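The structure presented is a predicted model; accordingly, all values stated were derived computationally and were not measured. Below, chain A is the first sequence line, B the second, and so on; all start at residue 1.
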There are 2 protein chains.
Amino acid sequence: MTTDSKRPLTLRDVSEATGVSEMTVSRVLRNRGDVSEKTRTKVLSAAKELGYVPNKIAGALASNRVNLVAVIIPSLSNMVFPEVLTGVNKVLENTELQPVVGVTDYQPEKEEKVLYEMLSWRPSGVIIAGLEHTEAARAMLNSAGIPVVEIMDTDGKPVDAMVGISHRRAGREMAKAILKAGYRHIGFMGTKMPLDHRARKRFEGFTEALAKEGVEIEDREFYSGGSALAKGREMTQAMLERSPELDFLYYSNDMIGAGGLLYLQDQGISVPGQIGLAGFNGVELLQGLPRKLATMDACRLDIGRKAAEIIAAQLEDPDAEIEKHVTLTPTISFGDTLKRR
Amino acid sequence: MTTDSKRPLTLRDVSEATGVSEMTVSRVLRNRGDVSEKTRTKVLSAAKELGYVPNKIAGALASNRVNLVAVIIPSLSNMVFPEVLTGVNKVLENTELQPVVGVTDYQPEKEEKVLYEMLSWRPSGVIIAGLEHTEAARAMLNSAGIPVVEIMDTDGKPVDAMVGISHRRAGREMAKAILKAGYRHIGFMGTKMPLDHRARKRFEGFTEALAKEGVEIEDREFYSGGSALAKGREMTQAMLERSPELDFLYYSNDMIGAGGLLYLQDQGISVPGQIGLAGFNGVELLQGLPRKLATMDACRLDIGRKAAEIIAAQLEDPDAEIEKHVTLTPTISFGDTLKRR
DNA sequence: GTGAAAGCGCTAACAG
DNA sequence: CTGTTAGCGCTTTCAC
């Protein structure tokens, strides 16, 4: 039976209960070294009986090994990072490693703080979103002496390794597809987030590719807070009332794009004939909407997976030859809202 | 400057760099006890200069204090738990405590494993979803000697404290509202998840309240995997083709409900006149859909907040009088898909 | 196959 | 205000 004593049990308790030395108990519990089958079962059953739970704090200190991987992301509330986490989990499940998540709310200072907190637990590796960090954060990553993978974005120089897509290129590709389909009067809607560097880079790539063909964005609007779907509706309505000449709307994420799509349908406006639409992300959630929004897959699952693989591989063999710059290529899906050519 | 040495710095390094004893350095870094302003600044600047990051592993072992709260939830991928986490975070941000998240995928064995892993880090408290756990898990929670709050559900007996809503009652209330509105031919759609006890309890409460008025569910369907929105469409179509006499559809979550709503609109079926609809959860995401689905708020943010408050209060003063059974009352919102009476 | 001793990096508890 | 001494619970290392 388990007892409800105040003090958690220690190896010593198990040792005393079995008459086996602490050392051997430790060996049994960790499956390390040879232990006779007899003592092994004795120890195991005693540990179970007593309800012994090992103290990883002490173990980590003594062995100087912490099987934790810090995963630092900006947000949990838009489905893209949870999906990255799923990818990370999938890979780490097959190892001794365990992810620990920290959230920064897109604030550099908070990122710095979260990173500091996490590093103080001496994790075995760090997976962190983005390539932009405070100088102090970069310094910490540099001197931590553990594998570091920066994820999501590859437009920049990583501290160590990076896995992601080029958001600049993603913006460019979408612009090209839109122009190729014949649209010329383009509006843009996105989040009001100066610190979302990836959205910024997509936007830059987008305008750059348009400019190359002599096209400029004719209207734009940014939002913050609230339900993205509703905001998409509102912004789309406002923009079309203001700029009725527009024939294409590019949204910085699929949720507001979906809101726009629903609005246009309500209005009986023909999509993609009269107006074309595109978003970004490939949100699976939206499958099932009356019409499929054109979008671009951000490879979130693969990013998480690959990042975890790099960490795991590097810990397994620090001298292994590992590809440290992984750029995935997002695929564009035309859906029902962007004419094909 | 920070150095890129292999070995992480220790207190001793800072001590040697300043000529101040380790103990005093420790005091400065933790803001504990009186230290002269002079040594204080000297230590602080040296620590910063060297890039010292404290080792919480060692600190925790020595002080027998770990400022971690284990938060164990079934899933990250449906927006309800991230929202609970947000509530937890909001409260813990104002304390020394830090949440660490574990995910169980709705599997009892995995829950047991995750719990074991987390307890082995000797957290200061546990917040865990649901009241149903394996016997071993319950034993661990019992003997951990730390505050435990079971969340989401209050239909059962908690190990220690609980915060949530009564899902049985939620199901009953919705049934009553539906009957009161005059609907009599009711179909049900939900996830195929024998282990989602809360969905099960809602269903039980629902059928029970119907039965009291002599009404039975006339058709039902369960799904698993895939995009909920799309599944909602498909299931709704299938069910209405099979059972055209239905005048109300009750969905176990808002996403499939929204899919159903979109399908009915496509078909030009009048809602809530010809058919009424209701979901569960109050997903903010869906604001912005052409019509608002009737639903019931699950109080997710409040649950997270309250649970964290209980943990924090209990740690601050173990003898404080704390309400350990908190039942929140979900409010029903009729939206545009359930006739009012 | 098993055990004894030493310490991981820090902090509690004292002593000055 | 500052320093000294003992551990925290485990694992490493070496001895048997």
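With rounding to whole Å, A/R40 atom CZ is found 11 Å from C/dT2 atom P. Between the P atom of C/dA5 and the CZ atom of A/R12 lies a distance of 12 Å, rounded to the nearest Å. At whole-Å resolution of the value, CG in B/L9 and C1' in C/dC8 are 16 Å apart. Taking atom CH2 of B/W121 as the reference point, atom C1' of D/dC8 lies 15 Å away to the nearest angstrom. In this structure, the CD atom of A/E16 is 13 Å from the C1' atom of D/dG9, given to the nearest Å. One atom, CD1 of B/I57, and another, C1' of D/dC10, lie 12 Å apart when rounded to the nearest Å. Atoms CZ (A/R7) and C1' (D/dG9) sit 11 Å apart, rounded to a whole Å. D/dC10 atom C1' lies 13 Å from atom NZ of A/K56, rounded to whole Å.
Residue A/A62 places its side chain closer to C/dC8 than to any other of D/dG3, D/dT12, C/dC8. The side chain of A/M23 sits closest to C/dA5 out of D/dC10, C/dC10, C/dA5. Between C/dG9, D/dG9, D/dT11, one nucleotide has an atom nearer to the side chain of A/A58 than all others, and that is D/dG9. Of all nucleotides listed (D/dT11, C/dC8, C/dT11), C/dC8 comes nearest to the side chain of A/L61. Among C/dG1, C/dC10, D/dG9, the nucleotide with an atom closest to any side-chain atom of A/T10 is D/dG9.
Taking a cutoff of 4.0 Å between a charged side-chain nitrogen and a carboxylate oxygen, A/R7 and A/D13 qualify as a salt bridge. Salt-bridge check for B/E309 with B/K306: passed, with a basic side-chain N closer than 4.0 Å to an acidic carboxylate O. Under 4.0 Å is where a charged nitrogen must lie from a carboxylate oxygen, and between B/R12 and B/E16 at least one such pair does.
Projected onto DNA chain D by closest heavy-atom contact, B/E22 and B/N64 fall at different nucleotides, the more 5' of which corresponds to B/E22.
In this structure, CZ on B/R122 lies 8.5 Å from CD1 on A/I57, to the nearest 0.5 angstrom.
Across all strands, B/N55 comes closer than 4.0 Å only to sugar-phosphate atoms, never to a base (heavy-atom distances).
Side-chain atoms of B/S26 and B/R30 form a donor-acceptor pair, as typed in the model, at a separation below 3.5 Å.
Contact annotation: B/R65 reaches the phosphate of C/dA12 (side-chain N/O to OP1 or OP2, under 4.0 Å). Residue B/Y52 places no side-chain N or O under 4.0 Å from the OP1 or OP2 atom of C/dG9. Contact check, A/S21 against C/dG3: a side-chain N or O comes under 4.0 Å of OP1 or OP2. Taking side-chain N and O atoms only, B/T24 has a distance below 4.0 Å to OP1 or OP2 of D/dG3. Contact between the side-chain N/O atoms of A/T39 and the OP1/OP2 oxygens of C/dG1 is not found at any separation under 4.0 Å. Look at B/R30 and you'll find a side-chain N or O under 4.0 angstrom from OP1 or OP2 of C/dT11. The phosphate of C/dT11 has OP1 or OP2 within less than 4.0 Å of a side-chain N or O from B/S26.
Between the side chain of B/R27 and the base of D/dG3 there is at least one donor-acceptor pair of N/O atoms closer than 3.5 Å.
In A/K110, the NZ atom is crowded: over 12 heavy atoms of neighbouring residues, nucleotides or ligands sit closer than 6.0 Å.
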